[in-house]
Protein chains: 2
Amino acid sequence: MAKASTVYDVAAHSGVSIATVSRVLRRPDDVRASTRERVLASVRELGYVPSAAARGLAASRTGVLGLYFPSLDAMEELDDAEFLPGPGAALVDLVVDMPDSGAVRPPNLYFDEVLRGSEFEAWRQGFALMVGVGRGSNPTDMVNDIAGRVDGMAILAQSVSDEVLEHVSRRIPVVLIAGPRRGDDFDHVSVSNTEGMKALTTHLIDGCGVTDFAYVAGPPDSPDDAERHAGFVAALRARGLDPRAVPVHRGEFSRLRGRAVADTLLAGRRMPRAVVCANDQMALGVLDVLGAHGVDVPGDVIVTGFDGIEAGRQAAPRLTTVRQPMVDLGRAAMRAILSRLENPEQPPISLRLPVKVLLRESSEGRR
Amino acid sequence: MAKASTVYDVAAHSGVSIATVSRVLRRPDDVRASTRERVLASVRELGYVPSAAARGLAASRTGVLGLYFPSLDAMEELDDAEFLPGPGAALVDLVVDMPDSGAVRPPNLYFDEVLRGSEFEAWRQGFALMVGVGRGSNPTDMVNDIAGRVDGMAILAQSVSDEVLEHVSRRIPVVLIAGPRRGDDFDHVSVSNTEGMKALTTHLIDGCGVTDFAYVAGPPDSPDDAERHAGFVAALRARGLDPRAVPVHRGEFSRLRGRAVADTLLAGRRMPRAVVCANDQMALGVLDVLGAHGVDVPGDVIVTGFDGIEAGRQAAPRLTTVRQPMVDLGRAAMRAILSRLENPEQPPISLRLPVKVLLRESSEGRR
DNA sequence: GCCCTGAGTGTAAGCGCATACATCTGAGAA
DNA sequence: TTCTCAGATGTATGCGCTTACACTCAGGGC
C-alpha cells in the first residue's frame, strides 16, 4: 500500500497518455487491441485500482445507492463492551442452555430482508449499495452523510424529520419505504397493510364464523400499526360488527408484550373467539401463554399475526399471518430511485406492494 | 435537484470564500461565530450537501469501509422475474399455506449477522459501510469496484482468488473473514471451529456416554466444514475411538440434505447413538425426519448441529449446537481494518474468536 | 499527387473539495 | 502613534479521473 498507483503511473508505465488508460477501462473498444493489452498488463503489474472518488467527481455520479434505517432494536443490544477475547481467553465455552435463558433477540426481518432486496436490485442495475443506521445523539447526521455519497437513497419512513428529508432531497432522489405517505412530494413504496388485515379479518368472520374478537395493537406511533388496525376495523364494519365492542390491547411489538396480553385475557371473564395481533412477535407471545395453559388453538381460540416471519412458520400450531414482501420492498425502493434518476420530471411514485394472507393452523384447524 | 449546490454556491450566497465554507463544515471553531451562522443559514437555504467524492479526492480517504460476500444461497433465489405488481393486480392474495408448501428459505445468518456487526463497528468508528455481493459472470469484479471506493475492506474468505486479493490489497488494507488463513500476509479473523466441535464431541463421549456416531458433513470445499470435522476426529482420537469407524455423510449444508441423510440412516441396519452435524440446517433436517418417524431424541438418538441459528432454539427438541459469534466476527473484521490503517507496519493480525457450546434438549434430555 | 476521412491517441479543462500559504484586520504593546 | 501578532478570511493548488476537442497518420477517392 505504499501510495496507491494512479492513472498517471499506469500511463507512464505503459507509455500512453492518461486518457488512453481511462479509455481502456471505460470503453475498451475505442482503443487498439495491442495498446489495450499493454495498458492492462501495466494495470496488473502496478496493482492499479481506479479511485471511485475521482471517478465520481469527474463523472458527477457515484454509482452508489444508499439505504438508511433508523436504529433497530436488534442493534441496540450491541454496546461498547469489549468483545474481543483477551490473550488467555478460552476458545470454547460450554454451557447448558436453558429454554428461557437469554433474551429472545428479535431477528430484525425488516433490516435483513429489505437490505437483501436492495442490495440485489442495486447490483442488478450496476450500482453498489451503502447502508447506514441512525444511532447516537444525532441519528440523522447519517442521512446527510450518505446523501453526499450516493446517487439516490431509500429511507425507512418515520425515521427522519421532514426538514432533513427536504434538505437531502434537493441533492439526490429520495424514496421513502413503508410508513404513511409523506406529503405528495416524495416517492414512496409500501405494502398493503390495511387491505391485508381487512382480508384476514373478513376471512375470520366469513370463513371461521368469528364474531367475538380481541385486538392486540402495536405502539401508538407506528404507522404500520395504524394501517393494520384500520383494516381490522373496516372489516368489522363491512360485516355489521361494532369495532367499539372489541377490546384493544396496545403496547410494543414484542413477544413479551404478547405474553402479557394473553395473561390478561386469561385472567378475564371469558376468552374471545379470536385474538388478532398486529404483528407476529406478539402473536407468538400469545401462543406461548395459551399453549402453556392448555388452551386449544384454534379450537377454543384463534390467533393471527402479521408480517410472515419464519418463527411463525415454526410455531405450534403454525401461525396464520399476513406476509409482507420485504425483499420486494427493498427492490422496489431501488427501482424507484433509478426511475427517478432517469426521469426526474415524472410525477411522484407511490407504489403499494401486495401482501399474502397465509392461512395456517392457528386459525384453520379442526373446528 | 436542479443541479446540486456546491461550496461555490454557498460561498457566493453568504458572501465568503469557499475556504470559509469548508472550514465551517470541517472545523467550525476556526471561524467567527457570526460568519459561521451566516454560512450555515446559506447551507440550509440552498440545501447544500457536501460531495463525498470531492471530499474523498481532496483528503485522499473516503471514510467508508467495505464488506464483500460471495453469492449466497439465500440470494440465488432472487431472479429477474418481475416482482412489481401490474396496474390491476390484487393487493391481497389469500392462500392456505400448507406445512410443506414453499421452499424453506435458509435465513442467511452469516450475511445478516456479520453485516450487522460490521455496520455497527464501522459506525462506532465514524465510517460508513458499503456492501457488495459477488454474483453473475464475474463475481470478483465487485471486489475491485468496492476496493476503489473504500479505505479498507473485509472479504469473506474462500470467495476471492489469490490474484484478486493480492491486487486490491496493494491499494487498501484487506481482512479475510473465516475460512482458513490465506498465507501469512493477510489479516484474518475467524472462529474456533475445530475447538468448538472437539469440545462438543468430547462432551458427547464423556457426558453422554456416546461411542457410536454418525457424522453429517458439509461440502468438500468448505473450510469451515473441514475444521469442524478435524475437531470431531480429534475428540474421538483423544478418547481412543476410531474415527474411521464413523460413517461420514457428505453433502451440501441444507435442511433437505439433512433429511436425506436421516432417511438413509433410518433405512440402515441400526441407528447410531448420536448424529453429529456440521451445521444447524442439516441437523434440523435430521430432526424433521426422526421426529416424523417417532424416534426419541435424545433418548434413542442424540442430534447436534453447529452455528447456533435461531431456528435451532425453536426446534423440538431444541438443538444442541455450537454458537458462532457472527456479529462479533463482523465487528472484529472492521477493527482489524482500522488497526491496519492506523499502523500499516504492524505484523499480520490473526484473530480467532471463541465459540459457545450450547447444550440443549437434543442431547441432554431424559436418558 | 492532393485532399478527405476516420481510427487512434494526446491535450487540457474541469469535477467539488481541503488546505497550505498569503493577506488583511484590529487590539494590545511599546 | 506606530508596530506586532494572532485571529479571521481569501487565494490558489492539487487530489485522480472523464471527456470534449485537437491532433496525427494512414488509406481511399479524385
Side-chain angles (χ1 to χ4, degrees), chain A residues 1 3-40 42-43 46-64 144-145 147-151 170-172, chain B residues 1 3-40 42-43 46-64 144-145 147-151 170-172:
Chain A
M1 263 158 306
K3 202 75 188 63
S5 45
T6 72
V7 265
Y8 296 99
D9 301 324
V10 175
H13 187 271
S14 52
V16 299
S17 73
I18 60 164
T20 298
V21 175
S22 180
R23 278 193 278 265
V24 166
L25 267 28
R26 321 283 310 137
R27 294 153 39 164
D29 292 342
D30 285 5
V31 178
R32 192 186 310 167
S34 62
T35 313
R36 196 191 316 144
E37 290 313 319
R38 201 149 37 91
V39 171
L40 287 177
S42 297
V43 166
L46 297 177
Y48 170 67
V49 177
S51 153
R55 181 172 282 186
L57 224 206
S60 63
R61 55 186 295 281
T62 63
V64 182
N144 243 284
D145 187 74
R149 303 177 179 283
V150 301
D151 292 333
R170 292 179 63 178
R171 171 176 239 270
I172 52 166
Chain B
M1 263 161 307
K3 203 77 187 61
S5 45
T6 71
V7 265
Y8 296 100
D9 300 323
V10 176
H13 187 272
S14 53
V16 299
S17 74
I18 61 162
T20 298
V21 174
S22 181
R23 283 192 202 98
V24 167
L25 267 28
R26 320 287 307 139
R27 294 151 39 162
D29 292 341
D30 285 5
V31 178
R32 191 189 310 166
S34 61
T35 312
R36 195 191 315 142
E37 289 314 318
R38 202 150 35 93
V39 171
L40 287 177
S42 297
V43 166
L46 297 177
Y48 170 67
V49 178
S51 153
R55 182 172 282 186
L57 225 207
S60 65
R61 57 185 294 281
T62 63
V64 182
N144 243 286
D145 187 75
R149 302 176 180 283
V150 301
D151 292 332
R170 291 179 63 178
R171 178 185 173 89
I172 51 166

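So you know, we letter chains A, B, ... as the sequences are listed, proteins then strands, and number each from 1.
For dT19(C), the OP1/OP2 oxygens have no side-chain nitrogen or oxygen of Ser22(B) closer than 4.0 Å. An OP1 or OP2 oxygen of dG8(C) is reached within less than 4.0 angstrom by no side-chain nitrogen or oxygen of Arg32(A). Side-chain N/O atoms of Thr6(B) include none lying less than 4.0 angstrom from OP1 or OP2 on dG16(C).
Distance CZ (Arg23(A)) to P (dA7(C)): 13 Å, rounded to an integer number of Å. Note: CZ (Arg27(A)) to C1' (dG8(C)) measures 12 Å, nearest angstrom. Leu57(B) places its CG atom 11 Å from the C1' atom of dA18(C), with the value rounded to the nearest Å. Ile18(B) has its CD1 atom 12 Å from the P atom of dT19(C), to the nearest Å.
Along DNA chain D, the stretch of nucleotides lying under 4.0 Å from any heavy atom of chain B spans, 5' to 3', dA8(D) to dG16(D).
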- Task: Test side-chain contact (heavy atoms from CB on, under 4.5 Å) on Leu25(A) and Arg55(A) and set out the steps.
- Result: CA-CA 11 Å; Leu25(A) 267 28; Arg55(A) 181 172 282 186; 4.3 Å; yes

- Item | Trace of the side-chain contact (heavy atoms from CB on, under 4.5 Å) decision for Tyr48(A) with Val7(A) | CA-CA 8 Å; Tyr48(A) 170 67; Val7(A) 265; 3.5 Å; yes

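The salt bridge (Lys or Arg N to Asp or Glu O under 4.0 Å) test with Asp30(A) singles out one residue from Arg26(A), Arg32(A), Arg27(A), and that residue is Arg27(A).
Contacts of Val21(B) with the nucleic acid, taken as non-hydrogen atoms under 4.0 Å apart, are absent.
In this structure, of dC15(C), dG10(C), dA18(C), it is dC15(C) that holds the atom nearest to the side chain of Ala58(A). Of the listed nucleotides (dG10(C), dT19(C), dG16(C)), dG16(C) has the atom at the smallest distance from the side chain of Tyr8(B).
You'll find the side chain of His13(B) stays beyond 4.5 Å of the side chain of Asp9(B), heavy atoms only.
For Arg36(A) against dG8(C), no side-chain N or O and base N or O form a donor-acceptor pair under 3.5 Å.
Thr62(A) is linked by a side-chain hydrogen bond (donor to acceptor under 3.5 Å, both in side chains) to Asp151(A), counting only residues two or more places apart in sequence or in another chain.
Mapping Ser60(B) and Asp30(B) onto DNA chain D via the closest heavy atom, the residue that lands nearer the 5' end is Asp30(B).
Without hydrogens or angle criteria, Arg36(B) side chain to Pro28(B) main chain gives a donor-acceptor distance under 3.5 Å. Using modelled atom types, one side-chain atom of Arg38(A) and one backbone atom of Ser14(A) make a donor-acceptor pair closer than 3.5 Å.
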